[in-house]
Number of protein chains: 2
Amino acid sequence: MRVGIYGYGNLGKGVECAIKNNPDMELVGVFTRRNPSEVKLLTEGVNVYSSNDIMTMKDEIDVLIICGGSATDLPHLTPELAKDFNVIDSFDTHSKIPEHFENVNKSAEEGENIAIISVGWDPGMFSVNRLYAMSILPNGKDYTFWGRGVSQGHSQALREVEGVLDGKQYTIPVKSALEKVRSGSKPELSTREKHIRECFVVVEDGVDKERIKQEITTMPNYFVDYETTVNFITEEELRRDHSKIPHGGFVIRSGSTGWNHEHNQIIEYNLKLDSNPEFTSSVLVAYARAAYRMRCRGITGCKTVVDVAPADLSLLTPEEIRAELL
Amino acid sequence: MRVGIYGYGNLGKGVECAIKNNPDMELVGVFTRRNPSEVKLLTEGVNVYSSNDIMTMKDEIDVLIICGGSATDLPHLTPELAKDFNVIDSFDTHSKIPEHFENVNKSAEEGENIAIISVGWDPGMFSVNRLYAMSILPNGKDYTFWGRGVSQGHSQALREVEGVLDGKQYTIPVKSALEKVRSGSKPELSTREKHIRECFVVVEDGVDKERIKQEITTMPNYFVDYETTVNFITEEELRRDHSKIPHGGFVIRSGSTGWNHEHNQIIEYNLKLDSNPEFTSSVLVAYARAAYRMRCRGITGCKTVVDVAPADLSLLTPEEIRAELL
């Protein structure tokens, strides 16, 4: 199957790498809103096109993976492109998924294409796991923990404190909260009882570190409600130790079965990711395969990860799955 | 939807309990090969029928959940019953799934019914998770650990040692092996490097405990290749501390992404179950819902868990899933 990438940031690069790992896929072009001559790909022999020229490639692309931001890009890009292409996106503004779905569904149906939206890990694999667990254990309680991982929004907030040159914030699940959930005791926990925030900042010479620490830990919305630690490091340490984009998290369902709910059952799914964008990209590519297969069976319109049967994601044939994997 | 249960052992009882937790389902009858008058249900107002009379209920049952053993019952029961009913089974002899699939598929197609086989947790939820993880991270390695849980086969082996009155064997994952896998180092591990075997036995008065311990730990196939511990306890302790049927396990995919595979990514799914049969039953019931929905859309023939989209398992509507769960 022939895949196109629309947008070449961290996510687009991750998709390019993931395609290399999937022998049934071929990258046929990357589309950018920048000047194409300034974009250098990792894959040899593949062209970079201006996003304005995408319609010239309409017949060469089986699935287009849209790698844009959820705030301003995807809300208009995905509905537009779904008119002419089978598309995948990673739209992750949870509260706006129903609206985005309706918009994309309309254009995908119009163009007789398939679109799978909100693909990634949350929304994405975490959603699928919440759904499986809730369906198996209707009598129970769900928990999602995020981390250990970099929060881009919180890192940006650090950089806006006066005297801070650069900074990185890690969201970390509270171990004792995680253990309480795993014990089956079904505690009530707020987001802030489940997470702590660890900050690494590089500051200007001679600034008052106490004042900076105070400003960070009392910052409304971002830090004041959390247990927050602030570490002062050098620019070199930041580059050396904090240049990666790790993330991860835990989805746990604690439920009970039996005539009188006498047995506890715990289902846990967790991710430990060295690279958040590359993992998201790998999920996008697996769902691109499913989109193509579903479209070949005549399915059109907007779908999400919960509408896709696992077998459609796989490189294995149905026979191989039954013989080797079940 | 109207559900029938065929077979009323631990699994059938678990299905009965699970149906109670699912408001869209109604239990319409239990079918047994025993004398129906000797079988007492938990649910009031539901009849027990002889399995010979099942055809009289053909029009009253939307999905029949077959709760039989994989060794001798299911290989003939599921193909027979799939001629006249939509059916679910928990066939778990991994190596014989392709053969069972073909047999069931033939009769289900003949009868224009749907059948979902090998539903449970392994095969079942573990298979689904192996497939998702492998599809997302094609470049990687899979690990399955079982336990802590009771192995019926190994418990039976204990009881056959001379002087042993009763016994229970727990399979336990080796913590250090689990941690090695989670670290991303992708070790090569055999089943025995991943598991230890913990035995609790009640013995006859005055027997030579050393001899029994020796016999157990050197037993071919069952124990000799494993680190095995033997604990001597009283009948009362066995009843008090070891009457439950817990189980669980871990499915871990350790993979890498990036142009040069430079980033490790770990996907883990784990279960901690107080009651193995009740959990399996809960999975069966969720897939019974999917079977009914898929049949209503005109789908017939044999399927497995990998062919079912997660949304079909859920009590929630597609709109609710998008608004609340994704």
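Numbered from 1 within each chain, the chains take letters A, B, ... in sequence-line order. Just so you know, these numbers use all the heavy atoms, side chains as well, and skip hydrogens, waters and symmetry mates.
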Asks: For B/Phe250, is it the side chain, the backbone, both or neither that has a heavy atom under 4.5 Å from a heavy atom of chain A?
Replies: neither
Asks: Between B/Glu99 and chain A, with a heavy-atom cut-off of 4.5 Å, which part of the residue counts as in contact: side chain, backbone, both or neither?
Replies: neither
Asks: Step by step, would you call A/Arg182 with A/Glu179 a salt bridge (charged side-chain N to carboxylate O under 4.0 Å, His left out)?
Replies: CA-CA 5 Å; A/Arg182 284 174 173 157; A/Glu179 290 313 320; 3.0 Å; yes
Asks: Hey, is the main chain of A/Phe91 close enough, under 3.5 Å, to the side chain of A/Asp89 for a donor-acceptor pair?
Replies: yes
Asks: Is there a side-chain contact between B/Glu16 and B/Leu41 (heavy atoms, below 4.5 Å)?
Replies: yes
Asks: Using a 4.5 angstrom heavy-atom cutoff, name the option from A/Asp142, A/Asp274, A/Ile321 with the most pairs to chain B.
Replies: A/Asp274
Asks: Let's test your reading of the structure: which of A/Thr257, A/Leu315, A/Asp307 forms the most heavy-atom pairs below 4.5 Å with chain B?
Replies: A/Thr257
Asks: Should B/Asp122 and B/His94 count as side-chain neighbours, where that means a heavy-atom distance under 4.5 Å?
Replies: yes
Asks: For A/Leu326, which atoms come within 4.5 Å of any heavy atom of chain B: side chain, backbone, both, or neither?
Replies: both
Asks: Heavy-atom distance under 4.5 Å to chain A: side chain of B/Ala18, backbone, both or neither?
Replies: neither
Asks: Give the intermediate values and the outcome of side-chain contact (heavy atoms from CB on, under 4.5 Å) for residues B/His242 and B/Val150.
Replies: CA-CA 9 Å; B/His242 304 282; B/Val150 174; over 6 Å; no
Asks: Between B/Asp24 and B/Arg289, does at least one N-O distance fall below 4.0 Å, as a salt bridge requires?
Replies: yes
Asks: So which residue, B/Ser95, B/Pro246, B/Ser256, B/Ala311, ends up with the most heavy-atom pairs under 4.5 Å with chain A?
Replies: B/Ala311
Asks: Counting only non-hydrogen atoms closer than 4.5 Å, does A/Phe126 touch chain B with its backbone (N, CA, C, O), its side chain (CB onward), both, or neither?
Replies: neither
Asks: Top residue by heavy-atom pair count (under 4.5 Å) with chain B, among A/Asn129, A/Leu325, A/Asn22, A/Leu313?
Replies: A/Leu325
Asks: Is B/Asn270 close to A/Asn270 at the side-chain level, that is, under 4.5 Å between some pair of heavy atoms?
Replies: yes
Asks: Answer yes or no: is there a donor N or O on one side and an acceptor on the other, between the side chain of A/Ser127 and the main chain of A/Pro123, under 3.5 Å?
Replies: no
Asks: Could you tell me which portion of A/Ser254 (side chain, backbone, both or neither) has an atom closer than 4.5 angstrom to a non-hydrogen atom of chain B?
Replies: neither
Asks: With side chains defined as the heavy atoms from C-beta onward, is the minimum distance between A/Ile267 and B/Tyr269 less than 4.5 Å?
Replies: yes
Asks: Between A/Cys17, A/Pro23, A/Pro310, which shows the greatest number of heavy-atom pairs under 4.5 Å with chain B?
Replies: A/Pro310
Asks: Can you say whether B/Ile252 sits under 4.5 Å from chain A via the side chain, the backbone, both, or neither, judging by heavy atoms?
Replies: neither
Asks: What part of B/Thr144 gets closer than 4.5 Å to chain A, counting heavy atoms only: side chain, backbone, both or neither?
Replies: neither
Asks: For each of A/Pro318, A/Ala286, A/Gly248, A/Gly258, tally heavy-atom pairs with chain B at distances under 4.5 Å, and name the one with the top tally.
Replies: A/Gly258
Asks: Which bit of B/Leu137 comes within less than 4.5 Å of chain A, counting heavy atoms only: side chain, backbone, both or neither?
Replies: side chain
Asks: Side chain, backbone, both or neither: which part of A/Leu316 has an atom under 4.5 Å from a heavy atom of chain B?
Replies: side chain
Asks: Is there a side-chain contact between B/Lys272 and A/Gln265 (heavy atoms, below 4.5 Å)?
Replies: no
Asks: If we ignore hydrogens and angles and just use 3.5 Å, is the side chain of B/Glu109 paired with the main-chain N or O of B/Lys106 as donor and acceptor?
Replies: no
Asks: With chain B as the partner, which of A/Ala323, A/Pro98, A/Ser275 has the greatest number of non-hydrogen pairs under 4.5 Å?
Replies: A/Ser275
Asks: Measure from the side-chain N and O atoms of A/Arg130 to the backbone N and O of A/Val251, and report whether any donor-acceptor pair falls under 3.5 Å.
Replies: no
Asks: Which distance, rounded to the nearest 0.5 Å, do you find between the CG of B/Asn139 and the CZ of B/Arg253?
Replies: 8.0 Å
Asks: Among residues 296-305 of chain B, which residues come closer than 4.5 Å to chain A, judged by heavy atom distances?
Replies: B/Thr304, B/Val305
Asks: Determine whether A/Val3 and A/Val285 make a side-chain contact, defined as any pair of heavy atoms from C-beta on separated by less than 4.5 Å.
Replies: no
Asks: Only pairs of heavy atoms separated by less than 4.5 Å count here; which of B/Leu271, B/Leu131, B/Asn260, B/Val308 has the most with chain A?
Replies: B/Leu131
Asks: Would you say A/Ser118 and A/Asp92 make side-chain contact, with heavy atoms under 4.5 Å?
Replies: no
Asks: My understanding is that only one of A/Ser90, A/Ser282, A/Ser281 makes a side chain to side chain contact (heavy atoms under 4.5 Å, CB included) with A/Val15; could you say which?
Replies: A/Ser281
Asks: With a 4.5 angstrom heavy-atom cut-off, could you sort out which part of A/Glu324 is near chain B: side chain, backbone, both or neither?
Replies: neither
Asks: With a 4.5 angstrom heavy-atom cut-off, which part of B/Lys96 approaches chain A: side chain, backbone, both or neither?
Replies: neither
